[in-house]
Each structure stands twice: as C-alpha cells, then as structure tokens.
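For reference, the structure is listed below as structure tokens.
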Amino acid sequence: MRVTLAGVPELPEVESVRRQLAPELTGRRVVSLWWDPHPEQRFSDVALLEGRRIERVTRRGKYLVCPLDEDLELVLHLGMTGSFSFGPADAYARARFGLDDGRELVFRDPRRFGRVSVVEAGDYAGIPTLAALGPEPLSDDFDVDAFAAALRRSNAPVKAALLGQRLVAGVGNIYADEALWRTRIHPASRRVGPGRARALHAAIREVLAESIEREGTTFRDYQMVNGDSGRNAPFLSAYGQAGLPCPRCGTAMRKTVVAQRGTTYCPRCQRT
DNA sequence: CACGCCTCCTGTGCGC
DNA sequence: TGCGCACAGGAGGCGT
C-alpha cells in the first residue's frame with residue numbers, strides 16, 4: 001500500500017519554526033513588502049505591516065503571533081505547505097518581507113492554504129479558530145478535568161473533537177492519530193470516559209513534547225527556516241503506517257476516514 | 001449550539 | 001510517454 005503524505009505543520013512544527021524565527025525577527029522592522037494577491041481572502045490587511053517593528057515571535061496552537069509596535073499583531077498560519085526562509089524567493093513565494101537589516105523573509109506556500117493577517121492586538125474576530133482556540137496543551141491551562149468533561153459532552157468522534165482546536169490547541173492529523181494509538185482509543189469513538197480522557201490528555205502532551213524535541217515531523221513539505229527537516233517521522237506509530245504491523249500487537253494497521261481525514265489505527269488495539 | 005459536509009489549492013503518484 | 005484523475009488536508013463557511 002502506498003500513501004501520499006504531506007506532513008502538515010502542527011504544533012511541534014510551528015513551534016520549531018518559531019524557535020528559529022524568533023532570534024532573527026525580534027526587534028526587526030519591516031521596510032518593504034510584497035504578497036501574491038491570489039487567493040485574496042488569505043491575506044488580510046497585510047499592508048499595515050509596512051514600517052512596523054516586530055516585538056516578539058510567539059505561538060498559539062498552529063498560529064504564529066507576532067506582536068508589533070502601534071498595538072498591532074502579525075498572525076501567520078502555515079496551512080499545509082507553508083514555510084519560511086531568508087531567500088531566495090522561488091515561484092512558490094507568496095509573501096516577501098524586507099527587513100531593516102537588509103535581509104528578506106520569504107513565505108513559501110505551494111498549495112496556498114496559508115494565511116497572513118495583520119490585526120489590532122488580540123482582535124481575532126476575523127480569525128474565528130484563533131478566537132475560540134482551546135488551551136495550550138503543554139501549559140498548565142490544559143486542565144485534565146476540563147478536558148475530560150468536554151470530551152464527555154462531545155458527541156463527535158473523538159478524533160474530530162481533537163482536530164476542532166476548541167478542546168485543545170495545535171493537534172492535527174498526525175498527532176491525533178498518534179495520541180489515540182497510544183491510548184488504544186478508536187478514532188471514531190464517541191464515548192470517551194474519564195479514565196481514557198485522562199490517558200489521552202497525557203498522551204497528547206507526550207507526542208507533542210517528543211516531536212518538539214526532534215524539531216517536528218517531516219514527510220515532504222515541512223521544513224524549518226534553515227531548510228532542515230524534522231526528525232520525528234521515524235518515531236511515528238500510526239500516522240502513515242497503514243498496512244504495516246502495529247508496533248504493539250503486530251496486526252496490520254488500517255486506514256479509514258474519520259472527520260473527513262485520512263486516519264490510521266490498529267483495528268485490534270484500538271476499541272470504541 | 002453542535003455537528004458534519006463542502007470548498008479552497010496544487011504537487012504528486014498512480015492507472016490506463 | 002503522456003494524460004487524467006484521485007488524493008493529501010487546516011480552517012472557514014454554511015446547512016441541518
């Protein structure tokens with residue numbers, strides 16, 4: 001079985017990019033600006049960035065959030081294939097930010113799913129997922145009892161709940177499959193009791209923290225600012241492993257669709 | 001409100 | 001060899 005894999009940036013990948021960008025961008029001023037006007041709705045008020053100073057480079061879930069002077073914020077989402085580099089721009093460059101140190105930060109995004117917005121600080125009305133984003137999974141705000149209660153209230157498949165960004169921020173297709181595999185929960189399960197919720201809470205933290213240590217998962221598209229790949233791919237147990245033996249029980253891993261997303265799980269270990 | 005389905009995009013890989 | 005098409009998927013939007 002052959003599966004096409006992209007390796008979309010999720011929390012560990014965005015955090016790895018953030019760690020590389022922060023020292024380069026903090027304190028820099030944007031002195032020139034270009035962006036591809038297509039598709040128009042993925043670039044919002046970007047012109048406001050001209051002349052602004054980047055105060056910090058932070059992250060919420062899969063969003064990069066850069067406070068600017070003048071009480072503005074630059075909000076970036078890498079979509080499926082977004083990446084940054086300090087030039088040179090190629091045919092897939094969607095935005096170019098000229099800095100006051102003479103360098104140019106290039107936002108490259110072949111599939112154009114990324115988004116760039118400049119907003120008044122904290123005003124996420126135009127970015128609804130960010131406005132309603134759940135707690136950071138690696139912070140104390142990610143409360144196990146609140147998570148368990150929210151899962152109990154949810155009638156959606158547990159994987160859909162994880163991807164929804166409201167119960168917890170930053171989990172995407174890769175780490176949802178990994179955390180569910182570790183806790184032996186079937187991705188389509190609509191009933192997750194407190195014991196399994198507690199285990200899932202811990203597993204989400206583990207898979208994300210381990211991947212951050214390895215600077216993320218690279219299949220093809222994701223790369224860091226310096227062009228390096230993440231090193232987490234060889235450690236995946238579920239995502240992309242369809243047809244291969246389950247690392248726990250040896251049963252062939254199965255691929256299905258849950259929440260309109262490709263989903264790999266062990267049909268023997270993972271029970272609803 | 002919660003849930004689920006459709007859409008946006010384009011490179012890739014497969015079948016014929 | 002070349003063509004056509006299915007597939008990958010985060011988030012936004014909309015219908016139920």
Side-chain angles (χ1 to χ4, degrees), chain A residues 1-15 17 35-45 59-65 75-83 90-95 107-117 119 123-134 137 149-180 187-192 208 211 216-223 233 236 238-243 255-264:
Chain A
M1 169 177 274
R2 199 166 279 273
V3 183
T4 304
L5 299 168
V8 165
E10 303 180 28
L11 188 152
E13 292 72 34
V14 178
E15 175 61 19
V17 168
W35 69 95
D36 185 338
H38 163 73
E40 203 172 331
Q41 71 276 11
R42 295 193 186 273
F43 296 86
S44 173
D45 291 323
R59 181 191 55 73
R60 272 288 279 139
K62 304 173 200 174
Y63 294 87
L64 286 169
V65 179
V75 180
L76 304 154
H77 195 293
L78 299 178
M80 278 186 74
T81 57
S83 64
D90 67 4
Y92 302 116
R94 307 305 183 203
F107 177 55
R108 184 178 184 274
D109 184 17
R111 291 188 199 180
R112 302 180 188 267
F113 272 28
R115 288 176 183 264
V116 182
S117 309
V119 301
D123 177 9
Y124 305 136
I127 312 170
T129 299
L130 181 56
L133 195 61
L151 271 185
R152 191 205 300 262
R153 280 193 302 271
S154 169
N155 293 309
V158 58
K159 180 165 174 181
L162 294 181
L163 296 180
Q165 306 300 303
R166 295 181 68 111
L167 303 196
V168 57
V171 176
N173 211 30
I174 296 172
Y175 302 105
D177 279 6
E178 292 301 306
L180 291 166
S189 176
R190 294 172 190 267
R191 292 281 174 270
V192 176
L208 296 175
S211 186
T217 301
T218 296
F219 278 102
R220 180 181 300 114
D221 296 307
Y222 162 67
Q223 62 173 41
L236 296 180
Y239 181 85
Q241 309 300 304
K255 185 159 187 189
T256 183
V257 175
V258 177
Q260 291 83 51
R261 292 293 168 257
T263 298
T264 308

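- With rounding to whole Å, A:R153 atom CZ is found 10 Å from B:dC3 atom P.
- Evaluation of the side chain to side chain donor-acceptor pair (under 3.5 Å) test over residues 162-175 of chain A, restricted to residues two or more places apart or in two chains, returns A:E13-A:Y175, A:K159-A:N173, A:Y175-A:S211, A:Y175-A:T217.
- In this model, the phosphate group of C:dG10 is not approached by any side-chain N or O of A:Q165 to a distance below 4.0 Å at OP1 or OP2.
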For nucleotides 6-10 of chain B, list the nitrogen or oxygen atoms of the protein found under 3.5 Å from its nitrogen or oxygen atoms, one pair per line.
| from | atom 1 | to | atom 2 | distance (Å) |
| --- | --- | --- | --- | --- |
| B:dC8 | O2 | A:R42 | NH2 | 3.1 |
| B:dT10 | OP1 | A:R112 | NE | 2.5 |

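- Of the candidates C:dG10, B:dG4, C:dA8, the closest approach to any side-chain atom of A:P157 belongs to B:dG4.
- A:L78 pairs in a side-chain contact (heavy atoms from CB on, under 4.5 Å) with only one of the listed residues (A:V14, A:D109, A:V8), which is A:V14.
- Proximity of A:H77 to the phosphate of C:dG10: no side-chain N or O atom is located under 4.0 Å from OP1 or OP2.
- Counting any heavy atom pair closer than 4.0 Å across all strands shown, A:N155 reaches sugar-phosphate atoms only and no base atom.
- Between the CZ atom of A:R166 and the P atom of B:dC3 there is a distance of 10 Å, rounded to whole Å.
- Of the side-chain N and O atoms in A:N173, one or more sit less than 4.0 angstrom from OP1 or OP2 of C:dG9.
- Salt-bridge formation is detected for the pair A:D36/A:R112: a Lys NZ or Arg NE/NH1/NH2 atom is positioned less than 4.0 Å from an Asp or Glu carboxylate oxygen.
- Taking atom CG on A:L163 and atom P on B:dC5, their separation rounds to 14 Å, with Å as the unit.
- Distances shorter than 4.0 Å separate none of the side-chain N or O atoms of A:K159 from OP1 or OP2 on C:dG9.
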Can you check nucleotides 12-16 of chain C for protein contacts, nitrogen or oxygen pairs under 3.5 Å, and list what you find?
| from | atom 1 | to | atom 2 | distance (Å) |
| --- | --- | --- | --- | --- |
| C:dG12 | OP2 | A:T129 | N | 3.1 |
| C:dG12 | OP2 | A:T129 | OG1 | 2.0 |

